[in-house]
Amino acid sequence: MSRDRPAPEPPQPLSPLIDAHTHLDACGASDASSVRQMVDRAADVGVERVVTVADDLDAAKFAVDAANWDPRVYAAVAIHPTRANVLGDANKAEIERLAGDPRVVAVGETGLDFYWPGKLDGCATVAEQTAGFRWHIDLAKRLGKTLMIHNREADRALLQVLREEGAPETVIFHCFSSDAEMARECIDAGYVLSFSGTVSFKNAKALREAAPLVPADQLIVETDAPFLTPHPFRGAPNEPYCLPYTVRALAELRGESPTELAIASTATAERVFGLRSVRS
């Protein structure tokens with residue numbers, strides 16, 4: 001992402017939509033007013049609700065605050081796998097406390113990232129990531145909440161840990177970026193696949209072959225903003241209001257109407273996050 005590129009123009013409205021994974025704080029929101037403005041921009045184009053997701057402890061605290069500031073916002077809290085080396089007893093206790101908030105609809109993003117170890121200073125080792133992932137799986141099961149997974153170059157290891165630990169009732173693979181074989185395994189296991197702007201990238205051949213395979217009741221959509229801005233705005237700042245661009249690209253790939261996909265993905269998101277049972 002480059003701040004040198006201008007933000008995309010708002011897309012033509014498409015509704016109903018739920019941005020199943022975004023980072024409002026990383027997009028620039030810092031208080032109730034800026035959260036409201038960001039969500040207002042999204043609502044203007046049909047993105048009526050968002051799930052803002054944590055990757056560290058400060059982001060987890062912000063996510064819970066944001067979800068309590070605005071009824072259109074929900075939260076997911078966890079420690080990102082690359083930061084799993086901070087998961088001492090005190091931080092585990094704080095994440096567990098935050099995850100118990102009624103506005104938190106998922107434990108995430110957690111999982112495994114085999115790309116960054118050895119490249120990123122201070123990155124958690126594979127062993128530390130695996131231990132952290134196992135802890136988050138247990139937390140999701142104890143709280144009865146959806147598990148939201150980050151997966152980078154770790155397909156086999158992730159599936160193995162889920163088998164060993166026993167997956168929670170609902171598992172989401174955020175920003176699904178794997179191939180058709182992995183998609184089929186996830187579908188057969190009952191997992192939900194979330195698609196971001198990467199599905200619009202012409203060079204994402206394996207992902208674009210996988211996307212049409214996913215049943216509507218196992219598919220949701222996200223921005224992962226401020227990252228992964230969809231084509232033709234790749235590299236520009238992303239925000240929840242950009243979601244219709246991704247949905248239209250995904251609908252074309254699947255041979256569906258954008259409106260049909262919006263309705264179906266929203267129904268799935270409502271179910272997997274339990275949004276109708278979350279208090280306003």
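The model shown is predicted, which means the values in this text are computed figures rather than measured ones. Position 1 is the first residue of the sequence; numbering continues from there.
The pair Asp101-Arg103 does not meet the salt-bridge criterion, since no charged nitrogen lies less than 4.0 angstrom from a carboxylate oxygen. Ionic pairing of Glu185 and Arg156 is present here: one or more N-O contacts between side-chain nitrogen and carboxylate oxygen are shorter than 4.0 angstrom. Using a cut-off of 4.0 Å between Lys/Arg side-chain N and Asp/Glu carboxylate O, Glu165 and Lys141 are scored as not salt-bridged. Salt bridge annotation for Arg184-Glu181: absent, with no cationic side-chain nitrogen under 4.0 angstrom from a carboxylate oxygen. Taking a cutoff of 4.0 Å between a charged side-chain nitrogen and a carboxylate oxygen, Asp40 and Arg72 qualify as a salt bridge. The existence of a salt bridge linking Glu96 and Arg142 is confirmed by a sub-4.0 Å separation between a basic side-chain nitrogen and an acidic carboxylate oxygen.
No more than 12 heavy-atom neighbours from other residues, nucleotides or ligands sit within 6.0 angstrom of CD on Glu252. Enclosure of atom CD in Glu164 by more than 12 non-hydrogen atoms of other residues, nucleotides or ligands within 6.0 angstrom is indicated. Asn203 CG: more than 12 foreign heavy atoms inside a 6.0 Å radius. No more than 12 heavy-atom neighbours from other residues, nucleotides or ligands sit within 6.0 angstrom of NZ on Lys205.
Of the listed residues (Val51, Val45, Thr22, Thr52), just one forms a side-chain contact (heavy atoms from CB on, under 4.5 Å) with Pro240, and that residue is Thr22.
Closest of all the heavy-atom pairs between Cys186 and Phe176 is SG-CE1, 4.4 Å.
Atom CE of Met148 and atom SG of Cys175 lie 11.5 Å apart (nearest 0.5 Å). Met38 contributes atom CE, which lies 11.5 Å from atom CG of Asp70 (distance to the nearest 0.5 angstrom). We find the CZ-OG distance between Arg208 and Ser200 to be 7.5 Å, quoted to the nearest 0.5 Å. Interatomic distance, Ile95 CD1 to Leu139 CG, rounded to the nearest 0.5 Å: 8.5 Å.
Linking ILVMFWY residues whenever their side-chain heavy atoms come closer than 4.5 Å, directly or via other members, leaves Val199 and Tyr245 in distinct clusters.
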Working for side chain to side chain donor-acceptor pair (under 3.5 Å), residues Ser196 and Thr198: CA-CA 5 Å; Ser196 71; Thr198 53; 3.1 Å; yes

Worked verdict on Asn238 versus Thr223 for side chain to side chain donor-acceptor pair (under 3.5 Å): CA-CA 7 Å; Asn238 199 6; Thr223 58; 4.6 Å; no

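Checked by atom type, the side-chain pair Asp56/His80 shows no donor-acceptor distance below 3.5 Å. Defined by atom type and a distance below 3.5 Å, a donor-acceptor pair is present between the side-chain atoms of Ser194 and Glu222. For the 3.5 Å distance criterion, the side chains of His23 and Asp55 fail to qualify, holding no donor opposite an acceptor. Looking at Ser178 and Asp155, their side chains do bring a donor and an acceptor atom within 3.5 Å of each other. There is a side-chain donor-acceptor pair under 3.5 Å between Gln37 and Ser33.
Residue pairs meeting the ring-ring contact (aromatic ring centres under 6.0 Å, His included) criterion with at least one partner in residues 103-137, sequence neighbours excluded, are absent.
A donor-acceptor pair under 3.5 Å is absent between the side-chain atoms of Asn151 and the main chain of Asp113, judged by distance alone. Looking at Thr146, its side chain never comes within 3.5 Å of a backbone N or O of Ile172 through a donor-acceptor pair.
Under a 4.5 Å side-chain heavy-atom cut-off, the cluster of Ile, Leu, Val, Met, Phe, Trp and Tyr residues that includes Phe201 has no other member.
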